[in-house]
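Here the structure is laid out as C-alpha cells; the discussion comes afterwards.
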Amino acid sequence: MKSFSPQALLPVYGVGVLGAFLQIAGAQWDVSAHILGIVETFFTPAHAVLYAGIGLVALANLQGVRLRLAHGQDSQYASLFSGLRIAVVGTELQIIAAPIDFYWHSVYGFDPFLFTPAHSILIVGVVFGGIGMTLGAIRLFQAQRLGQQVTARPWILTALVMLGLAAMWGQFNFFGYWITDLSGMAYTFRICGIKVFRSFTRCEFVSQFRLVSELVSFGLFSATGTFFFWTSKKLFRRHGLATLTAAILVAVYAVLVIGFMVYAMAFLNPPGSFYLRDPSPQTGSSLASLIPIYLLALIPIFLLDVGVRNSIQKRTLVLLWALVGPFAAFIDARYTIGIIGSDLSVLLVVAIPTVVGGLLGGLLITRLGSRLSIYAEAWKMNLKTSPMIPVKSVDQEAKPIGPP
C-alpha cells in the first residue's frame, strides 16, 4: 500500500467545495426564475449550474471514498476524512432526488414550491454535501497550520475554506426558506390546491401562520449569519476575512437573485406568479435601485470584523452575538428586499427574532468551538508522531474567540 499524504485530499475537497458553491448559486437562480413565473422544463441554465455542482460533489466523493478505503483506517489521518462521511450522505440523497425532480418537471412543468418531495430531498442533500466538503477543507486548513505540507501555497486553503463557508451560509439560509415554506406545505399535504395559489385566492393555512413563519425565518437568517461570522473569526487570524466570506455570498445574491430578476423583467417579459404579480421593466428598475443599498449590508459586518479582538470576555461576547445577528441577517438579499422601506414598528418587531437568532447562533458556535480548535485537532490527528512529515510548533500566540 502506498503511503498517504494529506496533499491527495486537496483536489477532493477543492472540487467538492466548488460543487457546493455552484449548487447554492444554481438554486438561488432557480428560485428567482420560479418567483417570476418563468415556465420551465427540467433543462434550464439554473438547473445546469445546480446539477453541475451536484456532479462535482459526487466526483469528489467518489475519489474521496477511494482514498478513505485505502488510508482512512490510519488514525493519524482519520479526521481528514470526516467530512466525506457527511458529504456522501448528501450525494446519495441527491441521486434519489434528481430522477424525481426530472419526472416532476417532465409531467407538470412549473414547480413553484420548495417544500415538495423532490425539492425537499434535494435541499437536504445540498446542505449535507456543503457541510461535508467544507468540514473537510477546514480539516486540511488546520493541518496546514499545524505544519503539515498540504500545499506550498497556503492561501489556496484559506480561499477554499472561505468559499466553503460562504456556500454553507447560503445553504443554511436556503434551508431556512424551505423549512418555513407554508405555501409548499399546504400544497404538498393538500391543504390548499395549486389552483388556489394561481388564482390568488387566499389559503387560510398560509394566512394563519404567515407571521410566525416569517419571524422564525428571520431568526434563522440571523442565527446562520452569526454562526458563520464567528466561525470565520475563529478560523482565520487576520481581520477582514470574515467580511470577504460574507462578500462572496453577497455577490451571489446581487447577481443571481436581484440581478437576474432585474434582467428578466427588462428583457424576458416574465408572466409573474403568486409570489410576484405583474412583473414589469418599471418593477425591475425599482429593484435595481436597491442593489447599492443591499451592498451596504457589508459595512456593519466589516466594522464588527475589524473591530473585534480575538480574545473576548464572555459577557462581551454575548452582547456581540446579539449585535451581529440583526446585521448578519441582511446578508440574505431576499430578506433585505422585504425589510427595506418598512416602518419603525415593523423593524422593532423584526429586531426581536434577529437578536434571539444571534444569541442562538453564538451559543452554537461556542458548543462547536472545540471542534474548530487547532489544539484539539493536534491531539486528534496525532500529528507530532507523524513519521512522514515534520510538524512545526503550534503558534502559541493565537488565542481563540470566547471563553476556553
Please assess Leu122 against Ile100 for the test side-chain contact (heavy atoms from CB on, under 4.5 Å), listing each intermediate value before the final yes or no. CA-CA 10 Å; Leu122 191 64; Ile100 300 175; over 6 Å; no
Can you tell if the side chain of [X] reaches within under 4.5 Å of the side chain of [Y], non-hydrogen atoms only?
X: Tyr294; Y: Ile258; result: yes
X: Thr134; Y: Val161; result: no
X: Phe21; Y: Val17; result: no
X: Phe128; Y: Gln94; result: no
X: Phe141; Y: Leu160; result: no
X: Phe113; Y: Leu182; result: no
X: Ile331; Y: Leu298; result: yes
X: Ile54; Y: Thr91; result: no

Can Met168 and Ile24 be said to form a side-chain contact (heavy atoms from CB on, under 4.5 Å), step by step? CA-CA 8 Å; Met168 281 183 64; Ile24 193 59; over 6 Å; no
Where do [X] and [Y] come nearest, in terms of heavy atoms and distance?
X: Leu140; Y: Val150; result: O-CG2, 3.9 Å
X: Arg139; Y: Ser82; result: NE-OG, 3.7 Å
X: Met265; Y: Leu287; result: CE-CD2, 3.9 Å
X: Gly362; Y: Ile365; result: O-CG2, 2.9 Å
X: Gly16; Y: Val57; result: O-CG2, 3.5 Å
X: Asp181; Y: Phe115; result: OD2-N, 2.9 Å

I'd like to know if the side chain of [X] pairs up with that of [Y] as donor and acceptor (distance under 3.5 Å, no hydrogens or angles considered).
X: Gln144; Y: Gln149; answer: no
X: Gln142; Y: Arg145; answer: no
X: Thr283; Y: Ser280; answer: yes

What distance separates [X] [atom1] from [Y] [atom2], expressed to the nearest 0.5 Å?
X: Leu303; Y: Thr243; atom1: CG; atom2: OG1; result: 8.5 Å
X: Ser5; Y: Leu67; atom1: OG; atom2: CG; result: 10.5 Å
X: Tyr335; Y: Ser217; atom1: OH; atom2: OG; result: 9.0 Å
X: Ile35; Y: Arg334; atom1: CD1; atom2: CZ; result: 4.5 Å
X: Leu93; Y: Ser120; atom1: CG; atom2: OG; result: 11.5 Å
X: Trp321; Y: Leu323; atom1: CH2; atom2: CG; result: 13.5 Å

Can you tell me if [X] uses its side chain to pair, donor with acceptor, with the backbone of [Y] under 3.5 Å?
X: Asp30; Y: His47; value: no
X: Thr226; Y: Ala223; value: no
X: Lys233; Y: Ala242; value: no
X: Asn61; Y: Ala87; value: yes
X: Ser273; Y: Leu36; value: no
X: Ser342; Y: Ile339; value: yes
X: Thr151; Y: Pro154; value: no
X: Ser222; Y: Gly358; value: yes
X: Asp343; Y: Val346; value: yes
X: Ser32; Y: Gln28; value: yes

Quick check on Phe267: does its CZ atom have over 12 non-hydrogen neighbours (other residues, nucleotides or ligands) under 6.0 Å away?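 Counting other residues, nucleotides and ligands, CZ of Phe267 stays at 12 neighbours or fewer.
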Residue Phe174 excluded, over 12 heavy atoms near CZ under 6.0 Å: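 Buried by this count: over 12 neighbours within 6.0 Å.
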Kindly state whether the ring of [X] and the ring of [Y] have centres lying under 6.0 angstrom apart.
X: Phe205; Y: Tyr187; value: no
X: Tyr177; Y: Phe221; value: yes
X: Phe327; Y: Phe229; value: no

Kindly confirm or rule out a cation-pi arrangement of Arg198 over Phe274, judged by NZ or CZ under 6.0 Å from the six-membered ring centre and within 45° of its axis?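 Negative - Arg198 is either too far from the ring of Phe274 or too far off its axis.
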For the pair Thr188 and Met185, evaluate side-chain contact (heavy atoms from CB on, under 4.5 Å) and give the outcome as yes or no after the intermediate values. CA-CA 5 Å; Thr188 298; Met185 294 175 189; 5.9 Å; no
Looking at Asp332, Val252, Leu249, Ile248, which hits side-chain contact (heavy atoms from CB on, under 4.5 Å) with Trp169?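 Option passing the side-chain contact (heavy atoms from CB on, under 4.5 Å) with Trp169: Leu249.
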If you apply the rule side-chain contact (heavy atoms from CB on, under 4.5 Å), what do you find for Leu320 with Trp230, and how did you get there? CA-CA 10 Å; Leu320 285 172; Trp230 288 109; 3.7 Å; yes
